[in-house]
Amino acid sequence: MKAVVFHGIGDIRLDDVPDPQLKEETDAIVRLVASAICGTDLHFIRGTMEGVKPGTILGHEGVGIVEQIGPGVRNLEVGDRVVIPSTIACGYCSYCRAGYYAQCDNANPHGKSAGTAFYGGPDQTGGFNGLQAEKARIPYAHVNLLKLPDEIDDEQAIMLSDIFPTGYFGADLAQIEPGRTVAVFGCGPVGQFAIASAKLMHAGRIFAIDAVPDRLAMARAQGAETIDFNAEDPVETIKRLTGGIGVDRAIDAVGVDAVHPHDGPASKPDENAAKEAQSRQLAPHAHPHGENWVPGDAPAQALDWAVQALAKAGTLAIIGVYPPSDNLFPIGMAMNKNLTVRMGNCNHRKYIPLLIELVRSGRVDPAAILTKREPLSSVIDAYKAFDTRQPGWMKVALAPVA
């Protein structure tokens, strides 16, 4: 089968790989009908998150048809159409039973303290092959596959695999209540769903901070008050628009690729990796937002802005991805303002059933965020355009099979 395979920083290829096989009695094999490219995938390709082993199939978003099931899978049948939550959970440990599926004790083969398990990521996340492929093995399939109603099409469903749940998780972490004023830093796909989720929770005002025109336009179309950080200081603008108070809630939907504007890359990429990247036109340290937001080790700009923009006793939710090695945060300012800081990897399996019903009922159309649909055969070119944030490349769905 065809799959998108990681070979090194800046080097991904569409390869022929063996079909996946059942390994455990609770496994299933799913034939993918839709996958997607996520900003998290770019962290691996750029090298801002390390540890992905060469040969790993990338991708953690998927919708498909069940082709095989192990004898321990009692709630699915061959032929079921399903969405795949991006993080992997056993469903029976104390964390899963409390809704913390991203902290499952059993899914990660490296042990209980190894952290979140997910598809197509670094070895420390479990070494699971990803979903940018024609087929995939799904562990604990009775938990990690959810049947889809006929009313939800594939384009809507692929948004339910990761980015809609993550955006909703951010709004939930921020403890948004009716009337609250919210700032969303980063208006990529997850930021757009954080805005949509804040609206579902009846936020009073929503500020959307970014510098990419089509992202700001989409946020404005949702009813958010947009701030272009290239044109004005976002903190000063938020303070001015809130009578000097600041916002009640802030969501960092950017993560590791947002640092101080003038810091630049913290280190030069490996020379051989850079050559490989140049040959494939996938830069290991691309600057997706121009010179303002680039990878590095300095305190993340989005976090600094969020802490400054929050009102006293406000709440900061962090859903942008940061590697375990990052240890910089404006803790003094946050402490002196009595801020509450909540963060983590999304517990996808907790939120997807709720979001399925919101989409089925017509309250939300998640496909509105989807701007490009590409066949798997064009995936390298799609990655290039997505990596450099070309106009119109907000969110890319892939069709793994014809």
Test side-chain contact (heavy atoms from CB on, under 4.5 Å), reference Asn129, set Val17, Leu58, Thr56, output is Thr56

Kindly give the heavy-atom pair with the smallest separation between [X] and [Y], and that separation in Å.
| X | Y | result |
| --- | --- | --- |
| Ile57 | Ala133 | CG2-CB, 4.1 Å |
| Ala203 | Ile176 | CB-CG2, 3.9 Å |
| Ile88 | Pro139 | CG2-CG, 3.7 Å |
| Ala334 | Val307 | N-CG1, 3.9 Å |
| Phe386 | Gly39 | CE2-N, 3.8 Å |
| Ile251 | Ala194 | CD1-CB, 4.2 Å |

Closer than 3.5 angstrom, by distance alone: can the side chain of [X] be matched with the main-chain N or O of [Y] as a donor-acceptor pair?
| X | Y | result |
| --- | --- | --- |
| Asp381 | Ser378 | no |
| Arg249 | Ala174 | yes |
| Asp11 | His7 | no |
| Thr26 | Val73 | no |
| Ser161 | Ile158 | no |
| Gln103 | Tyr100 | no |
| Arg342 | Leu316 | no |
| Asn347 | Lys350 | no |
| Asp80 | Glu77 | yes |
| Asp15 | Ala3 | no |

Pairing donors with acceptors under 3.5 angstrom, does anything connect the side chains of [X] and [Y]?
| X | Y | answer |
| --- | --- | --- |
| Gln390 | Thr388 | yes |
| Thr226 | Arg220 | yes |
| Asp252 | Tyr322 | yes |
| Asp41 | Gln132 | yes |
| Asp172 | Tyr351 | yes |

Which value, rounded to the nearest 0.5 Å, describes the distance between [X] atom [atom1] and [Y] atom [atom2]?
| X | Y | atom1 | atom2 | answer |
| --- | --- | --- | --- | --- |
| Gln192 | Thr371 | CD | OG1 | 10.0 Å |
| Thr315 | Asn338 | OG1 | CG | 11.0 Å |
| Met49 | Asp326 | CE | CG | 9.0 Å |
| Phe207 | Cys187 | CZ | SG | 12.5 Å |
| Thr87 | Phe118 | OG1 | CZ | 9.5 Å |
| Leu173 | Cys346 | CG | SG | 8.5 Å |

If you measure from the Lys or Arg side-chain nitrogens to the Asp or Glu carboxylate oxygens, is any gap between [X] and [Y] under 4.0 Å?
| X | Y | answer |
| --- | --- | --- |
| Lys395 | Glu61 | yes |
| Arg46 | Asp387 | yes |
| Asp154 | Arg81 | yes |
| Lys135 | Glu67 | yes |
| Asp16 | Lys2 | yes |
| Arg180 | Glu177 | yes |

Exercise. May I ask you to decide if the ring planes of Phe193 and Phe164 are parallel, tilted or perpendicular, using 30° and 60° as cut-offs?
Key: parallel

Hey, does [Y] have a side-chain heavy atom less than 4.5 Å from the side chain of [X]?
| X | Y | value |
| --- | --- | --- |
| Asp365 | Val359 | no |
| Glu232 | Ile227 | yes |
| Val63 | Met159 | no |
| Lys337 | Met333 | yes |
| Arg349 | Leu146 | yes |
| Asp214 | Val212 | yes |
| Ile318 | Leu303 | yes |
| His43 | Val321 | yes |

Check your understanding: For atom NZ of Lys147, is the number of surrounding heavy atoms from other residues, nucleotides or ligands below 6.0 Å larger than 12?
Key -> yes

Crowding at CG, Leu354 (>12 non-hydrogen neighbours, <6.0 Å): yes

#### Entry: Candidate pair Val396 and Leu370, rule side chain to side chain contact (heavy atoms under 4.5 Å, CB included), full reasoning
CA-CA 6 Å; Val396 187; Leu370 185 60; 5.9 Å; no

*Using the side chain to side chain contact (heavy atoms under 4.5 Å, CB included) rule, take Val143 and Tyr92 through it: C-alpha gap first, then chi angles, then the decisive distance, then the call.*
CA-CA 9 Å; Val143 174; Tyr92 60 81; over 6 Å; no

